[in-house]
Structures are given as C-alpha cells and as structure tokens.
A.B. asks: 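What follows is a single structure, and I will ask about it in a moment.
All chains are named by letter (A, B, ...) in the order of the sequence lines, taking the proteins before the strands, and each is independently numbered beginning at 1.
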Amino acid sequence: MSERTAHPHSEEDSTPSLHFIEQVVVDDLASGKHKQIHTRFPPEPNGYLHIGHAKAICLSFGLAESHNGLVNLRFDDTNPEKESQEYVDAIRRDVSWLGYTWNGGEFYTSDHFDSLYAFATRLIENGKAYVDHQDAATMAEQKGSPTSPGTNSPHRDRSVEHNLQLFQEMKAGDHPDGHCVLRAKIDMGHPNMHMRDPIIYRIKRSHHQRTGDDWCIYPMYDFAHGQCDSLEGITHSLCTLEFEVHRPLYEWFIENLNIFPSRQIEFARLNLDHTIMSKRKLLRLVEEGHVDGWDDPRMPTISGLRRRGFTPQSIRTFCDRVGIAKRENVIDFSLLEWALREHLNRTAHRAMAVLDPIKLVIVNYPEGQSEELPSENNPEDPSAGHRMMPFGRNLWMERDDFKEEANKKWFRLAPGKTVRLKSAFIVRYVDHIKRADGRVEEVHVEYFPDSKSGSDNSGIKAKGTLHWVNASTAIDAEVRLYDRLFSDAAPDGHEGQDFTEFLNPNSLTVRSNCKLEPSLQQAQAGTPYQFTRLGYFSMDEEHSAQAGHPVWNRSVTLKDGWKG
RNA sequence: UGCCCCAUGGUGUAAUGGUAGCACACCGGUUUUUGGUACCGUUUGUCAAGGUUCGAGUCCUUGUGGGGCAACCA
C-alpha cells in the first residue's frame, strides 16, 4: 500500500465535493442516524411545474437515487379552492418525463386528514391549542408586527374540554365559514411571527377534489406539511428559503406532538434571467393571452420546455450545473441553452432546411438531371450512419447566405465568391437576379463536377460551406423561431412597473415558407434534429395538426461565433 | 427600530484553518465539408475594518450590502 499524500489538490483525490445538503445526508447515513434516506417532492396542485421546480425535483429525487433512498410524490392539497385534477395530472406527467419515479409512493395531504385531525385533538388535550372566535382583522391586529410583540386573544385560556367541544363542532359543521379557527398556543410575544399562536385549522366549505364534502375544516400549511413528512417517515424535507422562518414551528409541532423528527433543510430557489418563475405570474401570462398556454414553447414551465424541444437529460444537466446553496442567485439563460446543445450535439441527427429560401440555380448542371448524395447523420457519432440527399439544378438556399457586396471576412456567397454546398459540390458565383424593389430572388452559380463531396479532385479551396435543399423534392413547412419571452433580464424586478411591460414583442417569429429536405417526411413529432448551421428543431404535433402542414419549433440556435 | 438567512470573477459554484479551482459567458488561437463541435489560451474574484493564528475565503467582533418574516395561501 503506497503512502498517500495529504495534498488537497492531489490528482488522485477525485472525491467530488458535496453541496451542504448532500453533506448532511452523507453524515446522517455514516453516523447511523438513518439507515436509508427518504425525501419527498410536495407540490400544491394549483399550477404547472416550472424549471424552478425541476431544480427541487432533481434535488430530492437525485439525492434519493444516489443514496439508495426513497422519494414520495406528495400533492399538498389543503386548499381545495385553488387546486384541481388537471394540475395533478400535469405534475405527474412532468416528473415522469424528467425521468423520475416516486419509489416511496404517491400521497396526498388529504390522505392524512384523519391523522391531522387527531394530532390537533392531541394538541388541545395537552393544552397546546385553542379555538379562537375573533375575526381575521382582529387577530391580525393582535398579532403585532415584526418589531412589536402581539397580544393574547381573549379566548386563549379556554378550558381543554371547551376547546375539544368547539373543535368537534367545527368539524361537525356547526359553525359557518370564518366563524372560528384552531390556533396553536405558543407565544404572542415571540420574535418570530410564525410562532405567535399560528392558525392551524380553518373552516372552509369547499368541495375537495379527493375528499369531496367529508370535511369542512382544513389544516393550514404549517400544520400539514411537517406532520405529513413525519407520517410518511421523511428523513430530509427539502424546501426553499422562504420557509426558513417556518422551521421553528415545524420543529415545535414535532416536539409537542412527539412524532417522527423529519428534518427541514432550506436551499435557494432558482431564478433565471429574462423570465419569471412565480406561478401566479405565469398564470397571468396564460389568462391574459400573452402566451398560448402553460405549455407555450416560450414558457419556463416543464411542459413548455418539453414542447420547445428540451430533453429531460438537458434539464437534469442544467440543474446539476446550477448547484445547491443558500445564496440568492440568478442563472444565465445561456446555461440552459448550453445544456440543451451539449446533449443534442451528441445525439440529434442532422438535416438540411432552408428557413428563408431564395432560388439557387446551378447553371452548368443539366436540366432534368439529378443524383443522390450521401450526408452523415451525425458527425459526432459515426454509428448514426448517413442518408441520401437528392441534388439537381434547382435548389433553395438561405437568403442570409448571399450578399451583393462582401468583404474578405464573408465566407458565404457573393459576387466573386466560391463556396461548398454541404455534402455536394463546390460552386462559384455567376450572377444574381433582383426584383424591381431590389430584393434578391435568385442566385446563379456554376459547379465543379470533380469537387463532389468525398471524392474531391478539384483542388479548389472553399472557405464557406452552405446548406441547401433540392427544390423539386423539398417539403414545405412552417418553422417557429422563439426568442426570450422578456426583453428585460429581470422583468419582475422593477418597482412600479408590471412585468408584462417587459414582454419581448419579438419572442415568436413564424416562417411560413420553409423548405425541408425530404427525409424529414419521416420525422416524428418531438424528435430533435439539428438543422445544419441553424440550430435544433423538432416538429410540433399539436401545431402541425391544427395547421394541416408540418410546423417545427426551434429549440435553440447553434452557437454563432461569426462576428461579421 | 425586532427576528432569521446570505455575501468568492460578468453569472453560478468549490476550496471542511494550509497553492483561490471548476462550469457557463466573454475575448483570442488551432482544427473543421456546420462561422457548429473539439482542443489550447487570455482577462476577471474572496464586501469592509479590526481580532485570533506560524498561517484566515474559512473562526471571532463590528460595520456595510442583499434577501426573507406580520394570508382563515402554500
């Protein structure tokens, strides 16, 4: 056995650094505090999941996955007024799509309503909770403020028997909505506002998605979340920073109920620039028609990203790179884009498409003649094979690839320039035709027959390579180009200005006259392709069906290093 | 005039008292039948002031800056 140096930067030492939560997990496992960890992802089914949730999902599921633990998916359904089955279904689909399985089970807070009621009763019996009959405004006033203590409710010292009876009446429906609440009896002078006799049950006659009209009282978040964690045996309950001030209460209930001590640990939520992450605001985008729906490809929702063409793997890579810490953060949107490119460059098949076509005529290629030329499906992966590209005299080329006046830095077509047509021949400019308004319509070139791709004996050097599509076999398609939804980096960070003022008017560009190579006839909706030199695209099933012709979404551009 | 949390390049994130590293972005170069990819390189950082220590990004004190907390929401 060789002696190891203690040098911290030794190349032999490849121990990956752990973020602070994983460090806790590793320590708890090592110390024997837990034999197995058990986490949970607990969304309220009142909206669609977004990329911020993806971070939380990757954390809780990822931790369980890498430490042989369990994860529960728990729907936090304590407020029936805002929740619905539509959201439950969407959440399930999104978590599954990310590639995770809730191997600890699927739960609903409502599954635990009986236990929660029993817990509340126990608290009353121990003199730790009481029924308060004051109205909301009065209670708010008595609560004090962050800088001044609160005052006790006149109902604070009711007897256990009386409280028990009143709470039973609340449950039985003897009191109208809002008439009274159950409160934990803690300390109205506590410096932490959440400890000033928090409300733990309220009366709300609202039909519940799962329990119907069985209950007219529902527990508040603080009296449901931690208790469910405990009932489900959750060892590490991970949530975002805004719940930090709730932790003393979380622990107070564990102590006073004497139940399994789940541990709450908070981390900083994800913020992405040029977008918004609040469910409420995303809902407004949908309801006010700024986007087509929750799954609009410009939305930061999981379903929007999926439709945009993001892959589960790219989102998981992104979450991994973002890291876990307690510091407020704003992640560059470009990191998300990088994660997608990183995945798709390795895996997506290449195809040629012209989004803004002008005619390209090879004047010395015989009319009526054609041939098939092979083109590799993925230069990063030889096993992906190749496909045959029809080639002829009349082609489509990209309008951006021609310029009437060009300098030495212009590698594409222009008077005097020579370029290669990808996987085909080298061609030289001959002429071009303009419409009366000056718009270029047609470019004429001559080709060098001995410059064929793979057997080039011409000795000619071409600096630029252009993509093209054979005119007679091209597929007509519509392509939607997406840009950031907001032109401002922090649309909700301007006081006095609504975030909708910063919507990017050019976030969607529709190109309706695109030409695709014929192999794309077989393309499956949702399968990513790289359109050579343009970016990553996939066909949109819903839009295609609506339009009656193929509609493709651009997921992300290729990185453009040209500073022309 | 309270309580809690946080502070490392442009953006994130490591360094567990001992060489401030990595990724993204940016800029430059090499290769290239994608101005992509790959590879190489440059620039840029410990909020401040004291203290402890042989040694402080890390520990202590005090400031400064940022975030959170007063729904019968979660």
Side-chain angles (χ1 to χ4, degrees), chain A residues 6-9 16-19 23 42-44 46 76 78-79 81-83 132 135-136 139-141 143-150 177-183 190-196 199-204 217-218 220-222 224-225 239 241-248 266 268 273 279-280 318 320-339 341-342 345-346 350 352 375-376 379-380 409-412 419-424 426 451 453-454 456 462-467 530-535 557-564:
Chain A
H7 203 288
H9 294 279
S17 61
L18 307 176
H19 58 69
Q23 189 64 60
E44 181 185 15
N46 68 344
D76 209 349
T78 57
N79 188 0
E81 284 167 2
K82 296 200 291 184
E83 296 150 7
D132 198 336
D135 60 56
M139 278 193 282
E141 199 176 320
K143 196 141 198 177
S145 77
T147 54
S148 61
D177 286 16
H179 187 65
C180 50
V181 294
L182 184 68
R183 292 229 252 171
H190 199 106
N192 182 337
M193 298 289 291
H194 295 277
M195 299 295 274
R196 322 242 263 228
I199 293 170
I200 58 179
Y201 262 95
R202 80 282 212 185
I203 303 172
K204 185 174 277 207
I217 57 172
Y218 292 96
M220 299 288 288
Y221 165 84
D222 282 309
H225 202 107
C239 62
L241 248 27
E242 66 267 29
F243 293 102
E244 212 160 21
V245 285
H246 292 247
R247 182 160 22 102
E266 312 84 12
D273 66 6
K279 272 191 202 173
R280 214 190 83 247
F318 171 76
D320 201 51
R321 294 308 173 104
V322 152
I324 299 293
K326 296 187 77 163
R327 185 184 331 163
E328 297 292 333
N329 61 82
V330 182
I331 309 294
D332 289 347
F333 197 86
S334 59
L335 186 65
L336 225 202
E337 297 182 320
W338 166 82
R341 291 191 190 107
E342 194 275 328
N345 178 53
R346 293 170 3 233
R350 316 282 124 126
M352 290 208 256
S375 188
E376 74 273 13
E380 307 295 316
K409 290 192 168 172
W410 180 257
F411 297 168
R412 289 117 94 151
V419 299
R420 170 170 296 276
L421 297 179
K422 171 75 181 168
S423 297
I426 293 176
S451 67
S453 222
D456 184 351
K463 194 91 170 130
T465 302
L466 268 43
H467 61 279
Q530 184 196 103
F531 288 176
T532 302
R533 299 213 299 140
L534 296 177
T557 62
L558 251 31
K559 192 168 150 189
D560 189 358
W562 183 55
K563 304 289 181 269

A.B. asks: Is the ring pair A:His194/A:His246 parallel, tilted or perpendicular, if the boundaries are 30 and 60 degrees?
C.D. replies: tilted
A.B. asks: Base, sugar-phosphate or nothing for A:Ser148? Non-hydrogen atoms, less than 4.0 Å.
C.D. replies: nothing
A.B. asks: Can you tell which of B:rU34, B:rG35, B:rC69 lies closest to the side chain of A:Met193?
C.D. replies: B:rC69
A.B. asks: Among B:rC72, B:rA23, B:rU33, which is the nearest nucleotide to the side chain of A:Arg321?
C.D. replies: B:rA23
A.B. asks: Could A:Glu337 and A:Lys559 be called an ion pair, given the rule that one side-chain N must be under 4.0 Å from one carboxylate O?
C.D. replies: no
A.B. asks: Picking from B:rG2, B:rG35, B:rU11, which would you name as closest to the side chain of A:Asp332?
C.D. replies: B:rU11
A.B. asks: Nearest to the side chain of A:Thr147 - B:rC72, B:rG68, B:rG2?
C.D. replies: B:rG2
A.B. asks: Distance check: side-chain N/O of A:Ser334 vs OP1/OP2 of B:rU11, anything under 4.0 Å?
C.D. replies: no
A.B. asks: Side-chain contact test, heavy atoms from C-beta onward, threshold under 4.5 Å: evaluate it for A:Ile426 versus A:Asp456 and give yes or no.
C.D. replies: yes
A.B. asks: Could you work out the separation of B:rU13 and B:rG9 based on their P atoms and round it to a whole Å?
C.D. replies: 10 Å
A.B. asks: Categorize A:Val181 for me: base, sugar-phosphate, or nothing, with a 4.0 angstrom heavy-atom threshold over every strand shown.
C.D. replies: base
A.B. asks: Decide, yes or no, whether a salt bridge links A:Lys204 with A:Asp177 under the criterion of side-chain N to carboxylate O below 4.0 Å.
C.D. replies: no
A.B. asks: Does NZ or CZ of A:Arg412 fall inside the cone over A:Trp410's six-membered ring, less than 6.0 Å from its centre and within 45° of the axis?
C.D. replies: yes
A.B. asks: Does OP1 or OP2 of B:rC73 have a side-chain N or O of A:Arg202 closer than 4.0 Å?
C.D. replies: yes
A.B. asks: Would you please say whether a donor-acceptor pair under 3.5 Å links the side chains of A:Arg533 and A:His467?
C.D. replies: yes
A.B. asks: Could you check A:Ala462 against A:Lys143 and say which one's nearest nucleotide on RNA chain B is further toward the 5' end?
C.D. replies: A:Ala462
A.B. asks: Choose from B:rA23, B:rA14, B:rA74 the nucleotide whose nearest atom is closest to any side-chain atom of A:Ala325.
C.D. replies: B:rA14
A.B. asks: If you look at every strand shown and take non-hydrogen atoms under 4.0 Å, does A:Gly454 touch a base, only sugar-phosphate, or nothing?
C.D. replies: base
A.B. asks: Name the pairing partner of B:rU31, where a pair is Watson-Crick or G-U wobble with both distances under 3.5 Å, or state none.
C.D. replies: none
A.B. asks: Contact class for A:Glu266 vs. all strands (heavy atom < 4.0 Å): base, sugar-phosphate, or nothing?
C.D. replies: nothing
A.B. asks: Return the nucleotide paired to B:rG36: Watson-Crick means purine N1 to pyrimidine N3 with N6-O4 or O6-N4, wobble means G-U with N1-O2 and O6-N3, both under 3.5 Å.
C.D. replies: none
A.B. asks: Under 4.0 Å between a side-chain nitrogen and a carboxylate oxygen: does that hold for A:Glu380 and A:Arg350?
C.D. replies: no
A.B. asks: Send over the distance from A:Arg183 CZ to B:rA71 C1', rounded to a whole Å.
C.D. replies: 13 Å
A.B. asks: Name the closest nucleotide to the A:Glu380 side chain, picking from B:rG12, B:rG36, B:rA25.
C.D. replies: B:rG36
A.B. asks: Can you identify which nucleotide, out of B:rC72, B:rG35, B:rU37, has its nearest atom closest to the A:Lys559 side chain?
C.D. replies: B:rU37
A.B. asks: Go through B:rC73, B:rU37, B:rG35 for me and flag the one nearest to the A:Glu44 side chain.
C.D. replies: B:rC73
A.B. asks: If you pin A:Ala136 and A:Glu244 to their nearest nucleotides in RNA chain B, which one's is more 5'?
C.D. replies: A:Glu244
A.B. asks: For B:rG63, give its Watson-Crick or G-U wobble partner with both distances under 3.5 Å, or none.
C.D. replies: B:rC47
A.B. asks: Strictly below 4.0 Å: does A:Arg327 bring a side-chain N or O up to OP1 or OP2 of B:rG68?
C.D. replies: no
A.B. asks: By nearest atom, which of the nucleotides B:rA74, B:rU34, B:rC5 is closest to the A:His246 side chain?
C.D. replies: B:rA74
A.B. asks: How is A:His194 classified with respect to the nucleic acid when contacts are heavy atoms under 4.0 Å: base, sugar-phosphate, or nothing?
C.D. replies: sugar-phosphate
A.B. asks: May I ask which nucleotide in the shown strands pairs with B:rG2, Watson-Crick or G-U wobble, both distances under 3.5 Å?
C.D. replies: B:rC69
A.B. asks: Identify which nucleotide among B:rA70, B:rA15, B:rC72 has an atom closest to any side-chain atom of A:Ser17, counting heavy atoms from C-beta outward.
C.D. replies: B:rA15
A.B. asks: Looking for any heavy atom pair under 4.0 Å, which part of the strands does A:Ile324 touch: base, sugar-phosphate only, or nothing?
C.D. replies: sugar-phosphate
A.B. asks: Checking all strands, does A:Arg412 fall into the base, sugar-phosphate, or nothing category for heavy-atom contacts under 4.0 angstrom?
C.D. replies: base
A.B. asks: Have a look at A:Phe243 and say if it touches a base, only the backbone sugar-phosphate, or nothing, with a 4.0 Å heavy-atom cut-off.
C.D. replies: base
A.B. asks: Could you give the distance separating B:rC26 and B:rU43 at their C1' atoms, to the nearest angstrom?
C.D. replies: 9 Å
A.B. asks: Within the 4.0 Å heavy-atom criterion, would you say A:Glu81 contacts the bases, only the backbone, or no part of the nucleic acid?
C.D. replies: nothing
A.B. asks: Does A:Arg346 make a side-chain N or O approach to OP1 or OP2 of B:rU37 shorter than 4.0 Å?
C.D. replies: no
A.B. asks: Base, sugar-phosphate alone, or nothing: which one does A:Pro42 contact when heavy atoms must sit under 4.0 Å apart?
C.D. replies: nothing
A.B. asks: Just N and O in the side chain of A:Lys204: are any of them under 4.0 Å from OP1 or OP2 of B:rC73?
C.D. replies: yes
